[in-house]
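Since the model is a prediction, treat every value here as computed from it, not as a measurement. We use all heavy atoms of the structure for the numbers below, so side chains are in, but hydrogens, waters and symmetry mates are not.
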Amino acid sequence: MKKLLTSLCVLSTLFVAKAQEQDRVITTGVPFLLITADARSAGMGELGVATSADVYSQQWNPAKYAFAENGIGIGISYTPYLSDLVNDIFLGNLTFYNRINERSAWAASFKYFSLGDIEFTELVGNDVVSQGIERPNELTIDASYALRLSDQFSMAVAGRYLRSDLRIPDDTSDASAASSFAVDIAGFYQSEEIAYNDFNGRWRAGFNISNLGPKLKYDEQGQENYLPTNLRLGGGFDFIFDEYNKLSANVEVNKLLVPTPVPVDTDGDGTDDAIAQPDVSFISGVFKSFGDAPDGFSEELKEFTWALGAEYWYQDSFALRAGYFNESEEKGARKFFTLGAGFKYNVARIDISYLFSASKVRNPLENTLRFSLTFSLGEEYTEY
């Protein structure tokens with residue numbers, strides 16, 4: 001029973017709710033790393049690699065911190081998970097950044113994913129007796145450094161310690177938490193403000209290779225799980241109509257740099273009866289992921305997700321957001337629309353977002369409000 005509960009804990013964190021047997025959906029360990037933690041990005045179709053810099057750039061593209069408009073930022077966010085089923089599974093995030101000078105910045109963040117309480121009981125006679133409560137959880141601690149290599153372009157590196165404590169203790173096995181580490185490599189471009197006929201504008205572009213690190217093993221007998229190594233590419237444009245009105249349009253594509261599951265013969269009878277990911281190193285897996293889909297290039301394209309998002313600001317005090325996210329039917333079938341809003345007063349900003357599923361597969365974040373609180377402090381930098 002305990003082993004079954006452990007498996008359920010792992011499976012409950014997966015984004016893919018179901019998949020047909022013939023579909024080759026890519027799964028990884030610690031998939032909570034890909035859950036959008038902040039309400040601003042969540043309101044724009046869950047994108048953020050090329051949006052303007054904010055406190056939560058650590059998850060999307062830490063190179064953006066070199067373009068932050070305030071010297072110091074603090075962000076706190078809360079995301080209920082599977083809220084239609086339970087009320088004690090959530091993702092919490094705390095982020096801090098410090099722009100050191102005109103050209104560099106550093107940041108740190110802490111992300112905590114709680115899978116709620118699991119109570120163990122035993123039948124003693126006709127009575128059900130509690131045997132204690134376990135609280136499975138996962139967490140990461142990140143640090144990053146960003147440096148502007150020119151007036152318009154910056155790069156960043158980030159290091160990440162991750163810990164997954166999903167195992168249920170028993171008398172026969174070690175219940176210690178699994179852990180690993182990962183690095184991110186990111187770049188960000190932001191043009192100068194350009195005068196067009198009816199408005200001013202600014203171009204942005206970014207990339208981020210995130211969660212690049214050794215595989216994770218949940219127990220001694222189990223298989224090693226790839227980290228959700230991910231490639232993000234995106235671009236955006238700001239329509240600056242006047243000092244009061246600004247509209248940003250953004251697009252982003254993502255691809256997991258993890259090998260595609262392939263048919264395997266598990267019982268040695270000469271016929272393929274299951275699918276599994278190739279057992280190669282994580283570095284080999286990154287390169288293999290670009291050309292290993294059994295159905296060739298057409299299937300490789302299906303492993304890319306894409307998102308569109310827009311954000312409108314009035315007087316830098318009120319924002320409206322909308323977005324759309326799309327994933328192939330054969331690779332997870334996540335499709336959803338998002339709405340969001342932001343309210344800024346003095347140094348504080350509150351963001352909220354809401355998700356509407358457009359897929360046959362239920363989304364764990366469907367009908368969920370996400371909240372973020374941001375404080376912008378310190379010296380102001382003029383980037384516009």
Side-chain angles (χ1 to χ4, degrees), residues 34 36 38 40-70 73 97 99 102-107 144-158 183-196 199-212 229-241 246-257 286 289-290 301 303-313 319 321-327 338 340 381-384:
L34 299 178
T36 299
D38 67 290
R40 182 199 178 202
S41 294
M44 292 189 285
E46 300 198 350
L47 54 73
V49 73
T51 56
S52 58
D54 66 2
V55 174
Y56 301 100
S57 297
Q58 186 85 323
Q59 174 175 352
W60 302 100
N61 185 344
K64 296 195 296 184
Y65 284 125
F67 289 85
E69 296 184 0
N70 289 90
Y97 82 82
R99 185 167 175 181
E102 291 281 350
R103 307 198 69 84
S104 61
W106 67 271
S144 66
Y145 177 75
L147 177 66
R148 284 172 84 151
L149 304 180
S150 69
D151 289 341
Q152 284 81 45
F153 181 71
S154 64
M155 290 195 70
V157 293
V183 297
D184 299 354
I185 302 171
F188 182 66
Y189 168 81
Q190 181 170 277
S191 74
E192 296 180 351
E193 191 170 320
I194 303 170
Y196 295 94
F199 56 87
N200 288 357
R202 182 175 294 239
W203 293 94
R204 287 172 280 99
F207 74 88
N208 187 13
I209 302 174
S210 59
N211 304 316
L212 184 62
T229 305
N230 187 65
L231 170 65
R232 297 184 187 275
L233 297 170
F237 184 78
D238 294 338
F239 297 87
I240 306 171
F241 300 108
K246 181 176 70 176
L247 175 66
S248 300
N250 306 278
V251 62
E252 181 173 309
V253 295
N254 282 263
K255 187 185 191 307
L256 280 172
L257 304 183
V286 169
S289 67
F290 287 101
L301 289 179
E303 293 181 356
F304 284 84
T305 65
W306 56 269
L308 302 173
E311 178 182 52
Y312 168 75
W313 273 101
R321 306 182 182 103
Y324 176 73
F325 180 95
N326 183 83
E327 183 176 56
T338 63
Y381 293 85
T382 303
E383 297 294 342
Y384 285 87

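When all heavy atoms of Arg99 and Ala105 are compared, the pair lying nearest together is CA-CB, 3.7 Å. What you find for Met155 and Ile185 is that their closest heavy atoms are CE-CG2, 4.3 Å. Of all non-hydrogen atoms in Ala63 and Ser154, the two that sit nearest each other are O-OG, 2.7 Å. Arg103 and Ala66 get closest at one heavy-atom pair: O-CB, 4.1 Å. Considering all non-hydrogen atoms of both residues, Ala307 and Gly45 come closest at CB-O, 3.5 Å.
No side-chain heavy atom of Val49 sits less than 4.5 Å from a side-chain heavy atom of Leu47. The shortest distance between side-chain heavy atoms of Gln190 and Asp151 does not fall below 4.5 Å. Counting heavy atoms from C-beta outward, Leu257 and Phe290 have side chains that approach closer than 4.5 Å. Residues Leu34 and Leu256 have side chains in contact (heavy-atom distance under 4.5 Å, counting atoms from C-beta outward). Looking only at side-chain heavy atoms (C-beta outward), Pro62 and Asn208 come within less than 4.5 Å of each other.
In this structure, Tyr145 has no ring-ring contact (aromatic ring centres under 6.0 Å, His included) partners at least two apart in sequence or on a different chain. Residues forming a ring-ring contact (aromatic ring centres under 6.0 Å, His included) with Phe239 (at least two apart in sequence, or on another chain): Phe199, Phe237. Every residue meeting the ring-ring contact (aromatic ring centres under 6.0 Å, His included) condition with Trp106, not counting sequence neighbours, appears here in chain and number order: Phe96. Scored by the side chain to side chain donor-acceptor pair (under 3.5 Å) test, Asn326 finds Tyr324, Lys335 as partners (sequence neighbours excluded). For Asn230, the side chain to side chain donor-acceptor pair (under 3.5 Å) criterion is met by Asn254, not counting sequence neighbours. Residues satisfying the side chain to side chain donor-acceptor pair (under 3.5 Å) test with Asp184, not counting sequence neighbours, are Arg160. For Leu308, the side-chain contact (heavy atoms from CB on, under 4.5 Å) partners are Val251, Trp306, not counting sequence neighbours. Glu303 is linked by a salt bridge (charged side-chain N to carboxylate O under 4.0 Å, His left out) to Lys255, Lys331, counting only residues two or more places apart in sequence or in another chain. When the ring-ring contact (aromatic ring centres under 6.0 Å, His included) test is applied to Tyr97, the partners found at least two apart in sequence or on another chain are Tyr65. Looking at residues two or more places apart in sequence or on another chain, you find no side chain to side chain donor-acceptor pair (under 3.5 Å) involving Thr229. For Arg321, the salt bridge (charged side-chain N to carboxylate O under 4.0 Å, His left out) criterion is met by Glu311, Asp351, not counting sequence neighbours. Here Ile194 pairs with Ser191, Tyr196, Trp203 under the side-chain contact (heavy atoms from CB on, under 4.5 Å) rule; sequence neighbours left out.
Under the 3.5 Å distance criterion, with hydrogens and angles disregarded, a donor-acceptor pair is assigned to the side chains of Trp60 and Ser41.
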Could you go through Thr51 and Lys64, starting from their C-alpha distance and side-chain angles, then the distance that decides it, and tell me whether this counts as side-chain contact (heavy atoms from CB on, under 4.5 Å)? CA-CA 9 Å; Thr51 56; Lys64 296 195 296 184; 2.9 Å; yes
Working for side-chain hydrogen bond (donor to acceptor under 3.5 Å, both in side chains), residues Glu46 and Thr338: CA-CA 8 Å; Glu46 300 198 350; Thr338 63; over 6 Å; no
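Cation-pi geometry between Arg148 and Phe67 is met: under 6.0 angstrom from the ring centre, within 45 degrees of the axis.
The distance from atom CG of Asn250 to atom CE of Met44, rounded to the nearest 0.5 Å, is 5.5 Å. To the nearest 0.5 angstrom, Phe304 atom CZ is 7.5 Å from Leu233 atom CG. Going from atom CZ of Phe241 over to atom CG of Asn200 covers 11.0 Å, rounded to the nearest 0.5 Å. Note that the CZ atom of Arg232 and the OG1 atom of Thr305 stand 8.0 Å from one another [nearest 0.5 Å]. The structure places OG of Ser57 at 7.5 Å from CZ of Arg40, a figure rounded to the nearest 0.5 Å.
Salt-bridge formation is detected for the pair Asp238/Arg204: a Lys NZ or Arg NE/NH1/NH2 atom is positioned less than 4.0 Å from an Asp or Glu carboxylate oxygen.
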